[in-house]
Structure formats: C-alpha cells, structure tokens
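Have a look at the structure below, then the notes.
Every heavy atom of this structure was used, including side-chain atoms; hydrogens, water molecules and symmetry mates were not.
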Amino acid sequence: MAFEIDFLPVGDGERGGDAIALRYGNLNGSRNEQVVIVVDGGTEDAGSNLVEHIKKYYKTDRIDLAILSHPDADYSSGLALILENMNVDLLCMHRPWEHAQDIKNAFQNGKLTIKGLRDNLKKSLEDAYQLESIARRKNIPISEPFSDFAKTEGWIVILGPSKEFYESLLPNFRETPKPKEAVTLITKMVTAVKEVINWIAEAWDKETLTDPQEGETSAENNTSVILLLQIDGKKFLFTADAGVEALNQAIRKAENLGVNLRDTGFVQIPHHGSKHNIGPSILNVAVGEKLQEKQTSKIAFVSAPKNGDPKHPSRKVVNAFMRRGTRVIATKESTKLFRSLDAPDRGWSDAEPLPFYDKVAE
C-alpha cells in the first residue's frame, strides 16, 4: 500500500510547532481509495501552507481525520484553518473543560465551581477551544483520544495518554487555579532559561545523553497524543511534545497490546529533539539497542524552527538515534520533509540527514 507523509516547517527562532499531513492507499487512484490525515496545524501561517499543500499534492479538500496532539497555540492555531477551509470528517482532540467535574477537588480553592473551572480552562486554552467551536458550527464530530480502549486492530492505535494520566496533569496546566500540594507533586512546570552553550566531545562509543528526570516536561506537553499508525505492515510513531512520563506510559501500553515498537520504521522525535524529553532508556525500548556499526534502516523526522536554538534538535539526541540505526532529518534543514512509498513523483530532491556530531552541547 502506498503512503506519503509531509512535515511542514513551523515557526522561526525560539518558537516552533508541528504541521503534519499524510495519506495512504491507492495514491494514483480516486480520492475514495485514500485516507488523508492531518496531525496538528502549527501556527496560522503553517496552517495556511498546510491547506494549500494538501490541495496541491493530495488534490483534495477532504480530510478523513484531523488530530490535535495537545493544546499549545503553535499546534492548534493552524488546525483552525484546516477546519474552516476544508471538509473534515472527524476531529480528534482533548477537551480539558469537559473534565472540570472530575478534577475540581484537585484545587485548593474550595469555593471553585465546576462552571468557573470550565470557563477558566476555555479562556486559558482559547486557541484549542476555538477548534471545538468551529467543529460544532460545521457539525464535525469530535472524539477525545485516550489509550484506555486501544486495540491493535485497525490502522491507528492510541498509545497515550490514558484518561487517568490525562486528568492527573490537568490541574498543573498554565493559568489554572492553584492545585493542592499532593497534585502538584505529579509534575512541575518548566521555565525555559537561556544558557551559554558549552560544547563537549562525543564519539560513536561514547554516549553523553542521559535519562531526563520526571517533571522536566510541562503538563500540557505530557498530555500529547502518542499514536501509532499501522499501514500495510509498516509502523509510524508520532510523539508530539510528549515527555518521559508520557512516553513510558505509551511504551507500557504498547507492551500490553503486544506491539513491538523496535520494528517501527518511522519515528517523530518528541518536542523538537529536546534532550529533556527522551533518553537512552526509552530509546533502547522504543527504537533499539546501540549498534556496533552505523546502520540507517530507520528514519526519524524532527520539527525544528529555522534560525532557532542550536540545541533543537539536541545533538546528543540526534547522535543517540543514529547509534540505534536511525537517520535523522530536521525541518530546519529543508523547506518541507517528505517520506513516501509508491507515491506520485513530485520532482523533489532527497533531504540530507543530519550528521553524527563529534561535539555536543553539555
């Protein structure tokens, strides 16, 4: 079965996001012989580019499934343009405000009402709430993606988050009321601080990447939808901005389902390649053990804004993937990333994989 996956660049400088389109089926046949999916829409500019890209290369204005991985504005803003300008059959997104009743008791303010909490979440996550509003106006069905009832049958498997894990993170979202101490310990907010970069030596047999500590990823990012696509025996793993806690839960879910993630041929590197989101322990389980010699049987894409922080993607992370037989390609090195099999020829040249680095940021 043919497929093609497109990562469009999002952002410039410090801010980045994801804007992903893919389709599979008989790509030289009629639209009814294909499935078209959008995963996140990036910023408004990226969303506009995504609309034009799908119309030009997929030759359709119908989307079978649109997915919002998590409610950050640089993932949801562009998706609003997809909903407004294309015909979407199903929107898959979390709706935090619908969980107000279940999480109300997690906050210190005993006078907080369910309605007050619901309104607070809608206001603080305005860009995500806009998607629900558009979907309701256009009669687009909405489904919340949780791993609780995931099965290996079918072409899409939700590996994370579970509803319980998701609701444990909600009280720690930005701009929500102050949570109780017991809930605060579940995760903590991370504030980005600019640092002077110190470069250290690294070699094929010397891995300096270490496992991040729990709590290094924000609550919003840890609610990211982690999904596995299974197309004609091939596996594609999408991780959005998930951190250690979320990825470990997804790995356990895959194990419970009898899914071997090591034979996944395509992986999205989480959170623009940050070393705070992934380490050797997760890579060894989800990608594979370190190899004695360089191999490039697998491929990983990473969304990283052009002219951005040189640590995104982290050189340590790039090297770690390469040690496990995976080529790494970043959007900041190309205008668009394109992975395909038996898809119509676009006349595009091959993207250059990132090199193995002999110096990495400490």
Side-chain angles (χ1 to χ4, degrees), residues 5 7 9 14 16 18 190 192-214 216-217 221 224 226 235-248 250-251 261-334 337 339 350-362:
I5 302 173
F7 276 57
E14 295 296 319
D18 284 337
V190 177
V193 179
K194 286 201 171 185
E195 305 169 347
V196 175
I197 299 176
N198 295 317
W199 299 103
I200 60 174
E202 189 169 279
W204 187 262
D205 59 352
K206 179 185 178 183
E207 184 161 82
T208 61
L209 181 68
T210 57
D211 291 325
Q213 298 296 311
E214 291 191 359
E216 290 191 36
T217 300
N221 286 349
S224 292
I226 301 174
K235 296 177 184 175
F236 306 81
L237 182 65
F238 295 83
T239 59
D241 281 357
V244 171
E245 302 96 316
L247 291 169
N248 279 328
I251 288 170
L261 292 177
R262 287 190 178 191
D263 62 7
T264 301
F266 178 97
V267 179
Q268 177 191 13
I269 300 179
H271 202 196
H272 319 299
S274 171
K275 66 181 181 180
H276 299 291
N277 288 63
I278 197 166
S281 295
I282 289 174
L283 285 170
N284 289 341
V285 176
V287 179
E289 300 284 349
K290 290 186 287 185
L291 303 172
Q292 295 301 315
E293 298 180 357
K294 295 182 181 181
Q295 296 181 17
T296 56
S297 58
K298 302 178 182 180
I299 191 165
F301 277 6
V302 56
S303 296
K306 62 181 180 179
N307 304 319
D309 187 336
K311 294 184 292 185
H312 288 89
S314 163
R315 291 185 174 189
K316 288 185 178 183
V317 172
V318 172
N319 285 356
F321 269 88
M322 291 185 66
R323 286 189 188 91
R324 292 160 177 84
T326 305
R327 288 176 293 161
V328 178
I329 304 178
T331 54
K332 71 176 181 179
E333 302 295 333
S334 175
L337 295 185
R339 176 71 168 167
D350 291 339
E352 189 70 26
L354 297 181
F356 185 89
Y357 298 100
D358 58 6
K359 289 186 178 180
V360 299
E362 191 172 16

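- When all heavy atoms of R339 and I299 are compared, the closest pair comes out as NE-CG2, 3.6 Å.
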(message) I'd like to know whether H271 forms a side chain to side chain contact (heavy atoms under 4.5 Å, CB included) with T217, so could you lay out the CA-CA distance, the side-chain angles of the two residues, the decisive distance to 0.1 Å, and finally the verdict.
(response) CA-CA 9 Å; H271 202 196; T217 300; 5.5 Å; no
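- Within the 4.5 Å cutoff, side-chain heavy atoms of T326 are placed close to those of V287.
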(message) With side chain to side chain contact (heavy atoms under 4.5 Å, CB included) as the criterion, how do V317 and L209 come out once you've worked through the C-alpha distance, each side chain's angles and the decisive distance to 0.1 Å?
(response) CA-CA 7 Å; V317 172; L209 181 68; 4.2 Å; yes
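- To the nearest 0.5 Å, the span separating CG on D263 from NZ on K298 amounts to 7.0 Å.
- The closest donor-acceptor contact from the side chain of E202 to the backbone of K316 lies at 3.5 Å or more, if one exists at all.
- In this structure, W204 and F356 have tilted ring planes: the angle between them lies in the 30° to 60° band.
- Using a 4.5 Å heavy-atom cutoff, the side chains of P270 and L247 are in contact.
- R323 contributes atom CZ, which lies 13.5 Å from atom CD of E289 (distance to the nearest 0.5 angstrom).
- Distance check, rounded to the nearest 0.5 Å: CE of M322 to CZ of R315 gives 12.5 Å.
- For the residue pair L354 and V318, the shortest heavy atom distance occurs at CD1-CG2, 3.8 Å.
- In terms of heavy-atom proximity, T210 sits nearest to P280 at C-CD, 3.6 Å.
- In the model, N248 has no side-chain atom that pairs as donor or acceptor with a side-chain atom of E214 under 3.5 Å.
- If you take OG1 on T239 and CD1 on I278, they are separated by 7.0 Å, rounding to the nearest 0.5 Å.
- Using modelled atom types, one side-chain atom of N277 and one backbone atom of A242 make a donor-acceptor pair closer than 3.5 Å.
- When all heavy atoms are compared, the tightest approach of P353 to I329 is CA-CG1, 3.9 Å.
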(request) Show your working on side chain to side chain contact (heavy atoms under 4.5 Å, CB included) between D211 and V244 and close with a plain yes or no. (result) CA-CA 8 Å; D211 291 325; V244 171; over 6 Å; no
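- A 4.5 Å side-chain heavy-atom check between D241 and H272 finds at least one atom pair inside the cut-off.
- The two atoms that bring R324 and L291 nearest to each other are C-CD1, 3.9 Å, heavy atoms only.
- The minimum heavy-atom distance linking P355 with N319 is given by the pair O-OD1, 4.2 Å.
- The aromatic rings of F301 and F266 lie perpendicular to each other, with more than 60° between the two planes, well past the 30° mark.
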